[in-house]
Structure formats: structure tokens, C-alpha cells
Amino acid sequence: MVTVAERARLETPPGDWSARLWAFLRRHRVFVAALSLAFVLRVVTMLGYGPALWFNDSFEYVSGAVNPDRPSALRPNGYSFWLLLLRPFHSFGLVAFVQHLMGLSIAVLVYALLRRRFGLPGWGATLATVPVLFDAYQIQLEHLIMSDTMFMLLVVGVVTLVLWHRKMSWRLGAVIGLLLALTALTRSIGLPILALVGAYMLIKRTGWKPIAAMLTACALPVVAYMGWFASAHGTFSMTSSDGAILYMRTALFADCRKMELDPRKDLEIALLCISDPPSERSFSGQNYLWWARGGQRFHAFGTGSTFTPQMNQAAGTFARRAIMSQPGDYLTRVALDFFRAFRWDRPRFPDYATFQQYEFSFEDKVLPAWASYKGNTDTDARKYDPSLPTAEIRGRPSVVGTQVHDPWASFMQAYQRTVRMPGIAVGVLLLIGLAGVAVRWRKLGGPVLLPWLAAFGLILAPAATAEFDYRYLLPAVPLACLAAAITLRRGFARPTAGKASAPTTARAE
């Protein structure tokens, strides 16, 4: 059957590329308008905050790019590798610009998948991209020297490739595997997505060749990285911080009296007991991991002992013993952090300083002179981007990492106070996607299953293994939008055989 859209394309002369371009723009005019406005907002951000914004974790990434001879003990070096590729340009402004393009690319992938694979109308597919295009905290995250935007693009790219192709070749499986490897090397939480994608491909019966190719293509870079890590740190793993991070998760409730520790047999574990009773501890577990404060022992042997393989193993053992002896307390903490993601408001958590790093600042950012692998954090940043200015502060030259320029900065500050994606809206999207999975139970959720499980897992995993953080919520948003949009395309009713549907939608289900 020939459609009207097909006749319009046939009427366009094959050699007239400008006419084809204008026809394409007209067909997608709603999305093009939204994308253009979102691009303008990102330009305003770059004008207001040059060259980029900084988070505490930014300096470890920059150090990895400036000194690429050793993997970080704390987190995988995938984002540092990306910074290393851009290092010849010596510009954090370029890094921020590329990350803004990554954010826009996420919206393009969501729109293209919903339009071409699932047959949504232009306005409907555009609506699913609005949170990524216009959420002020998404724009702010893209402007940070942080791995999250890159991680988000990789995850959405994997889900798009898997859902786009009904039949999968081994070559496509290999491409998906490489993307999954990059995802895991960017953030270690990306590795479980491999199991999720593999399980989905098994459910959809894609065949053993694509799955084998995917596993092989993912394993080779990850195993090579682990070998490099072992040569530097002595353990065959991706980091030596997973046990310490889990220790942070249990720090608010772990009670050594309930863990039945024998100080003679379990001396290394017993040394990590927190002396303050659980009822008197801080409201955030981060206070017992990152800082040497009273009542905790993680830093008892000096800051140089943190995140070593030995300390990581002891902290992991302590955390697992705490979870096994106090499962109710652990599940309560996980539930509190999980449902914290779905609040309407945005309370200051885990502390005021961390919360402020997700806000568009009112003043310039002076980089701290913390010790790094082969220098200091401020000198590492200046080595990467020599154009960073310096200012005399307290009698010594300091590196200014962010310069605030009005009126652009003031506009983005006001924009952030008004335009944001509330957590309760993410919860509604997840509920819509869950309903879509439920009505397709005979097909094990159909195409809704993969983006919904990925979104749900990206919210649950930090709550279960670390602690809630606002930036951990954002990568789940485009996936939740995908699941909800696919669900609403066909409604909540189970498809019936006698009901006609568009060819693209029929293939999608």
C-alpha cells in the first residue's frame, strides 16, 4: 500500500538535496523546533559559565587524562580516556560543548526510535524527549566535567540498537557488545546492563551468534582493562572501591553487636566498627567514607590506606556481614533512598555542599589544590587547559575553573528555579511503563521490558549499593520516557488479532 508520505517523497526530484532537506524538516518540524530551542539553552549556558562546571569527582577524571599511565583505584577510566582524546585541543569548553551535543543526541535517538520503529506521531515522540531537552538539571549535568552524560548516551544507544532491529546479526551483536564495554568502563554500574541486554536477547530469541558476539566484544576490552588494573594495583578487577562504597551503604545502620564479631578472629573487620550508636549517626553514609570524622574508623590508618585492595576487601566483608545480620535495616535504607527519587521537591541531600554542585552557581569557581596522582588538582586542570585563568587568593595564585558571566548566568539560574523534571513525574512514567509490561505478559513485556528494566535498575542500583544522588536519577529519565511512550502508543489494552494496525507498530509488538 502506498501512503501519502511515500507519494510526497517520490514527487521530490532525486538530485534536489535542498528540497529533500526542507521536506525532511517539515515532516519533523515539531521536533526540530524543540531541538533548536534546546540548543539555544545550551549556548546560553556556555556563555554564562565558561569554560565548564566542576564537581568533586571531576578532578579524578582530569588527573586520569593528564596522567594516563595508571588506572584509578576509585572508578573506571573510560571518561578519562575520552578526555584524553580531546586533550590535544586543551579546552574544557570544547569538552562541555561535546557533552551538550551528547545530550541532544540522546533526544535524537529517543525521537528516531519512537518515530521509525514504533510509529508514534511527531508530537508524541517529541513529547518523550522534552525532559532530556529542557530539564535544567540535565543541562547543568552536561556542563559538568563528569562522566554521566557520556554514560547516558551509551546506555540509550545500546537500548536503541537492540529495539531498532527485530532480527540481529552477529556484527550488530558485536557493536552492541563494544558499546556495553564502553558503558562499563565509563561507570561500573554499566556492567549489569550487559546481563539485562543478554537476558532480553534470549527472551526475544535473537540466536546464539549475536549473543556470543556481544559477550565476546564486551569481554575483550573489559578483561584487558582489568589486566591493566591488576598490573597497577595487584587485583584483577575494575576498581578497588566497590567494597568501600558498600561499606558506606551500611554505615548508618551497621551494629557490630548484632554482627557477632570476634575481635580476635575478625580484627580487620572489627576495626571498621563505628563507635556512635545508629540512632546518633549522620543522615548520610558519605560522612563515614570520604572524611576522617569522629565515630568512624575507615580512615583510622591514614588517608593513604583508603581504596587499597586490602581496605576494599575488609570494607566489603564488613558490609556483607552487616547486611546478612541486619537485612531489615538494610532493606529499609534501600527503600528510603529508592523512594527519595520520586519526591516532588528537591531537598538538600546528602549535604548542602554536594547539593550546590548541581546548581548553576552565582560566583566563579576556584579549583581546590588537593593532592592528586602526580601533582595537585588545580595544576592538573591547568595542564589540561592552559587557558584557565589564575587569581591571587589569600596570598597565592589559584586556578579559576569557572567564570560566571551575566546576563546569561542569571538567566540559567532563573531557568533552573522554574524548569525541572520532578521526581514524582519520573515515578509516573515508570508506573506507565510497568502497566505496559503487565499487559504484554504473554510476550514477557514486549519491547517495553528492556527500557523499563534499565530505568528501574539505574534508580535501584545506587540505592542498593551506594547512596541516593540526584545525578544518578537522570540517566533513567530517557529510558522511562521510552517505556512510557511505547506503552501509550498502543494503549493499555492487550492487542487483538482482529484489530488493524500500522505496519511499524505491528513489528514493534
Side-chain angles (χ1 to χ4, degrees), residues 1-14 16-43 100-135 138-139 142 152-153 155-157 159-166 419 421 425-426 428-429 432-433 435-436 446-448 450-452 455 477-493 495 499-509:
M1 180 176 69
V2 180
T3 65
V4 176
E6 289 170 343
R7 285 199 299 271
R9 286 195 293 269
L10 290 174
E11 289 169 2
T12 304
D16 193 350
W17 64 268
S18 60
R20 292 201 303 273
L21 175 61
W22 282 112
F24 174 84
L25 294 177
R26 283 195 300 271
R27 283 198 304 276
H28 305 285
R29 57 187 176 275
V30 177
F31 178 69
V32 170
L35 189 69
S36 301
L37 181 56
F39 178 78
V40 170
L41 287 171
R42 285 154 173 83
V43 171
H100 285 307
L101 294 182
M102 289 180 178
L104 297 176
S105 299
I106 294 168
V108 170
L109 289 176
V110 171
Y111 177 83
L113 181 64
L114 293 176
R115 286 282 280 158
R116 298 285 295 179
R117 181 70 172 89
F118 297 101
L120 266 73
W123 67 266
T126 302
L127 186 62
T129 67
V130 165
V132 174
L133 291 177
F134 297 109
D135 178 25
Q138 168 70 30
I139 298 173
E142 294 168 12
M152 193 185 313
L153 177 62
V155 172
V156 174
V159 173
T160 299
L161 280 178
V162 174
L163 293 183
W164 193 287
H165 299 85
R166 186 173 180 83
V419 184
M421 182 74 167
V426 181
V428 170
L429 291 172
I432 294 173
V448 184
L450 180 60
W452 188 86
V477 172
L479 299 170
C481 289
L482 265 178
I486 297 170
T487 297
L488 295 175
R489 175 63 185 91
R490 292 294 296 269
F492 295 102
K499 199 173 198 177
S501 60
T504 54
T505 306
R507 288 196 303 272
E509 298 296 332

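Residue numbers start at 1 and run along the sequence shown.
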Item checked: Ala107 versus Val132, closest heavy-atom pair with distance -> N-CG1, 4.2 Å
Checklist line | Taking every non-hydrogen atom, the tightest pair across Ala485 and Ala128 | finding: CB-CB, 4.2 Å
Check: Could you state the interatomic distance from CG (Leu163) to CG (Leu113), rounded to the nearest 0.5 Å?
Finding: 5.5 Å
Notebook entry, point to check: Leu104 and Phe39: which non-hydrogen atoms are nearest, and at how many Å?
Noted result: CD1-CD1, 3.8 Å
Next item on the list: Quick one: list whatever passes side-chain contact (heavy atoms from CB on, under 4.5 Å) with Leu109, sequence neighbours left out.
Entry: Leu153, Val156, Thr160
Notebook entry, point to check: For Pro478 and Val110, which heavy atoms make the closest approach, and how far apart are they?
Noted result: CB-CG2, 4.3 Å
Next item on the list: With side chain to side chain contact (heavy atoms under 4.5 Å, CB included) as the test, would you mind laying out the steps for Gln138 and Met152 before giving the verdict?
Entry: CA-CA 11 Å; Gln138 168 70 30; Met152 193 185 313; 3.4 Å; yes
Next item on the list: List the atom of Leu114, the atom of Ala125, and the distance in Å for their closest heavy-atom pair.
Entry: CB-CB, 4.0 Å
Note to self: Using a 3.5 Å distance criterion without hydrogens, assess whether the side chain of Arg42 forms a donor-acceptor pair with backbone atoms of Leu133.
What the structure shows: yes
Notebook entry, point to check: If you count the non-hydrogen atoms of other residues, nucleotides and ligands that lie under 6.0 Å from CH2 in Trp164, is the total more than 12?
Noted result: yes
Note to self: I need the Phe118 CZ to Thr487 OG1 distance, nearest 0.5 Å.
What the structure shows: 10.0 Å
Margin query: Show every side chain to side chain donor-acceptor pair (under 3.5 Å) that has at least one partner inside residues 100-111, sequence neighbours left out.
Written below: His28-Tyr111, His100-Glu142, His100-His143, Tyr111-Arg115
Next item on the list: Keeping the roles fixed (side chain from Arg29, backbone from Arg26), state whether a donor-acceptor pair exists under 3.5 Å.
Entry: yes
Checklist line | Phe134, CZ atom: more than 12 neighbouring heavy atoms under 6.0 Å | finding: yes
Notebook entry, point to check: Between Ser36 and Val32, is any pair of side-chain heavy atoms under 4.5 Å apart?
Noted result: yes
Margin query: Counting C-beta onward and ignoring hydrogens, is there a side-chain heavy-atom pair between Asp135 and Val477 closer than 4.5 Å?
Written below: no
Note to self: Within the 4.5 Å heavy-atom criterion, are Ile486 and Trp452 side-chain neighbours or not?
What the structure shows: no
Item checked: Side chain proximity check, Thr129 to Cys481, heavy atoms < 4.5 angstrom -> no
